[in-house]
Protein chains: 2
Amino acid sequence: MVTRCDACPLRGRSLFADMSDEEVRQTQRFKVGELTVEAGTPILTEGAHSAQLFTVLSGVGLRHKVLQNGRRHVLTFLFPGDLIGLQGAVMGEMGHTVEARSRMRLCVFDRQALWNFFGNSPSRSYDLIWIAATEEHFMGEALVTVGQRTAEESVAWALVKLWKRAATLEMTDGAAMPMPFKQQDLADALGLSLVHTNKTLAKFRERQLAVWRDGRLQVNDLETLARIGMTDTAPPKPRPLL
Amino acid sequence: MVTRCDACPLRGRSLFADMSDEEVRQTQRFKVGELTVEAGTPILTEGAHSAQLFTVLSGVGLRHKVLQNGRRHVLTFLFPGDLIGLQGAVMGEMGHTVEARSRMRLCVFDRQALWNFFGNSPSRSYDLIWIAATEEHFMGEALVTVGQRTAEESVAWALVKLWKRAATLEMTDGAAMPMPFKQQDLADALGLSLVHTNKTLAKFRERQLAVWRDGRLQVNDLETLARIGMTDTAPPKPRPLL
DNA sequence: CGCTGTCTTGATCACTATCAAACCGAGTGG
DNA sequence: CCACTCGGTTTGATAGTGATCAAGACAGCG
């Protein structure tokens, strides 16, 4: 029932850095269980004192923050391999909410594990910083996008990001990938209205660059999208897996 | 000439967490020097392979990224106590450029120090994660701002943030603080045009909420600004100092 | 003193939000 | 089997926030 770390289906994927047997054992020791949640379920909520850390085993979700006036911003989309709850574990409380967008399986780690890492395993604590720094780097990119890119550029950028991420996770079959997100989610991630996001997607569909339909995203011309979104098509660097 | 860590002028400020004598000695051991740069000088540039880490001792600066089409986004403003270059040290290259906006004094640490921390000092490596997580948290707030707040709300939010930061650093005398940034910097941080930013500031000036003039920012009604910007006036939590 | 950089203000434009309504597939229940 | 609802998507019409264009003010400076 519960996946053993030495049989972790993620470790083989090209996105993730190699782990030594010792690191796998350490990780296993700190894994306290597995959690399955249905689409739509909040996993952690803003302001909550989370006692747990999760790693996404399968499925997708998102992090978002809501403003006092009810407007919502989606910070990042979550894919297998992503670590959830580091902020809460370190800072005491979560700065955002985490929600499932498909059925998700999550590895559960005890928050305590974190402190053990610092004492026992310099390489693992380095990995944690690596993850935090990378996350920050991504947020920087998102900030530039929302701040400086036009709607068309933003959507293209986001599609390329999503596609590249899915591709390195081998979630793409043929030219399509599962897209359980709503268009509203994408709109809220880019600071655009739902209507405008939809119309922009429609333009890409007409131009045969990308077709998002029936919960699947099909990308026909990644290069052109990347050019429009002013980004590149290089695969992301290998990242450590917790 | 060079400030000794045990005489660090920052450590007493309310913004920073207490350090043990041992931590001060450790920090001193890793400090390799001090650097003074003039306003306008780039300290680290995007893509560069930085071999060094800095902590701001005095002065202010900013981090920014530029897009292929030349548009620029300011990610954060830098104040005394901020750590610069962690991303570069961890990920190999900087994801943004760091630039001085006033004369700045910087403590210089060797990148190598980082690895030593992981091995020798769990509490210091925890501090590093804390810093990275906090930075990420801030970026999240900025993302919500740029994505969801109106121009007026954004500017109010930014002024409150700047003011609170300066206040805990005791950089405010009376009702004013030094503001060596350009309005263009603020505009680029909020994803607004210079003209619109200027007009929004003018409105706040007319309403006597805040007056930014001659390189100084005077805040008359922090509460109202916070209400407009949908944020709070609580001082930031104490943070570790490297 | 002209030059340059920054701030300021006014006029105009357009990208994107908002409003409104139809559409569509999947349930659900009579 | 059909009416009905419901969440999500799609499309059209209109409005507005904020961008862009333009020009003047002002200070510092070679």
Side-chain angles (χ1 to χ4, degrees), chain A residues 38-41 62 67 69-74 99-102 145-159 178-207 210-218 228, chain B residues 38-40 62 67 69-74 99 101-102 145-159 178-207 210-218 228:
Chain A
E38 295 304 319
T41 313
L62 48 80
L67 239 31
N69 63 4
R71 299 192 69 157
R72 177 185 83 134
H73 195 90
V74 171
E99 212 174 291
R101 268 292 170 270
S102 71
T145 298
V146 176
Q148 310 298 144
R149 278 182 244 248
T150 64
E152 194 186 59
E153 291 162 357
S154 294
V155 172
W157 174 85
L159 293 182
M179 266 299 279
F181 302 104
K182 304 176 220 168
Q183 294 191 357
Q184 183 73 65
D185 293 329
L186 182 60
D188 287 347
L190 300 175
L192 300 171
S193 71
L194 167 62
V195 173
H196 200 58
T197 303
N198 179 289
K199 285 175 180 169
T200 306
L201 286 169
K203 274 185 205 140
F204 286 150
R205 195 183 318 133
E206 284 164 26
R207 295 209 261 157
V211 182
W212 176 353
R213 163 189 299 161
D214 302 328
R216 295 187 67 75
L217 172 65
Q218 178 187 334
I228 294 173
Chain B
E38 296 304 318
L62 49 79
L67 238 32
N69 64 4
R71 299 192 69 156
R72 176 185 82 136
H73 195 91
V74 170
E99 212 175 291
R101 268 293 171 267
S102 70
T145 298
V146 176
Q148 310 297 144
R149 279 182 244 248
T150 64
E152 193 186 61
E153 290 161 359
S154 293
V155 173
W157 174 85
L159 293 181
M179 264 301 276
F181 302 105
K182 304 175 219 169
Q183 293 190 358
Q184 182 73 64
D185 293 329
L186 181 60
D188 287 347
L190 300 175
L192 300 171
S193 72
L194 167 62
V195 173
H196 200 58
T197 304
N198 179 290
K199 285 175 178 169
T200 306
L201 286 168
K203 274 184 203 140
F204 286 150
R205 195 184 318 133
E206 283 163 26
R207 292 162 66 184
V211 182
W212 176 356
R213 161 189 300 159
D214 302 329
R216 295 186 66 74
L217 172 65
Q218 177 185 336
I228 294 173

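Below, chain A is the first sequence line, B the second, and so on; all start at residue 1. Everything quoted here is computed from the prediction, not taken from an experiment.
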For this session: Please lay out, stage by stage, how B:M179 and B:L186 fare under the test side chain to side chain contact (heavy atoms under 4.5 Å, CB included).
Result: CA-CA 11 Å; B:M179 264 301 276; B:L186 181 60; over 6 Å; no
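- In this structure, A:L192 and A:V155 have side chains that are in contact, with non-hydrogen atoms separated by less than 4.5 Å.
- Considering only heavy atoms from C-beta on, B:R149 stays 4.5 Å or farther from A:R71 through its side chain.
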Exercise. If the sugar-phosphate is the primed atoms plus P, OP1 and OP2 and the base is the rest, what is the B/S/- string for nucleotides 15-21 of chain C, using protein heavy atoms under 4.0 Å?
Worked result: -BSBB--
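- Contacts of residues 179-187 of chain B with DNA chain C (heavy atom under 4.0 Å): B:K182, B:Q183.
- Residue B:R213 places no side-chain N or O under 4.0 Å from the OP1 or OP2 atom of C:dT8.
- No salt bridge links B:R72 with B:E99; every basic N to acidic carboxylate O contact stays at or beyond 4.0 Å.
- Atom CD in B:Q148 sits about 13 Å away from atom P in D:dG18, given to the nearest Å.
- Going from atom CD of A:E153 over to atom C1' of D:dA19 covers 14 Å, rounded to whole Å.
- Counting all heavy atoms, side chain and backbone alike, A:G147 lies closest to B:V146 at CA-CG1, 3.5 Å.
- A:L201 has its CG atom 8 Å from the P atom of D:dT10, to the nearest Å.
- A:D214 has its CG atom 15 Å from the C1' atom of D:dG7, to the nearest Å.
- Following rounding to the nearest Å, A:R216 (CZ) and D:dT9 (C1') show an atom-to-atom distance of 18 Å.
- We find that CH2 of A:W212 is positioned 7 Å from P of D:dT9, with the value rounded to whole Å.
- Between the NZ atom in B:K182 and the CZ atom in B:R101 there is a gap of 4.0 Å [rounded to 0.5 Å].
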Exercise. Would B:L67 and A:E153 satisfy side chain to side chain contact (heavy atoms under 4.5 Å, CB included), going step by step from the backbone distance to the final call?
Worked result: CA-CA 11 Å; B:L67 238 32; A:E153 291 162 357; 5.6 Å; no
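- Put simply, A:N198 has a side-chain N or O that comes within less than 4.0 Å of OP1 or OP2 on D:dT10.
- Residues A:D185 and A:L62 have side chains in contact (heavy-atom distance under 4.5 Å, counting atoms from C-beta outward).
- With hydrogens and angles disregarded, no donor-acceptor distance shorter than 3.5 Å links the side chain of A:D214 to the backbone of A:R216.
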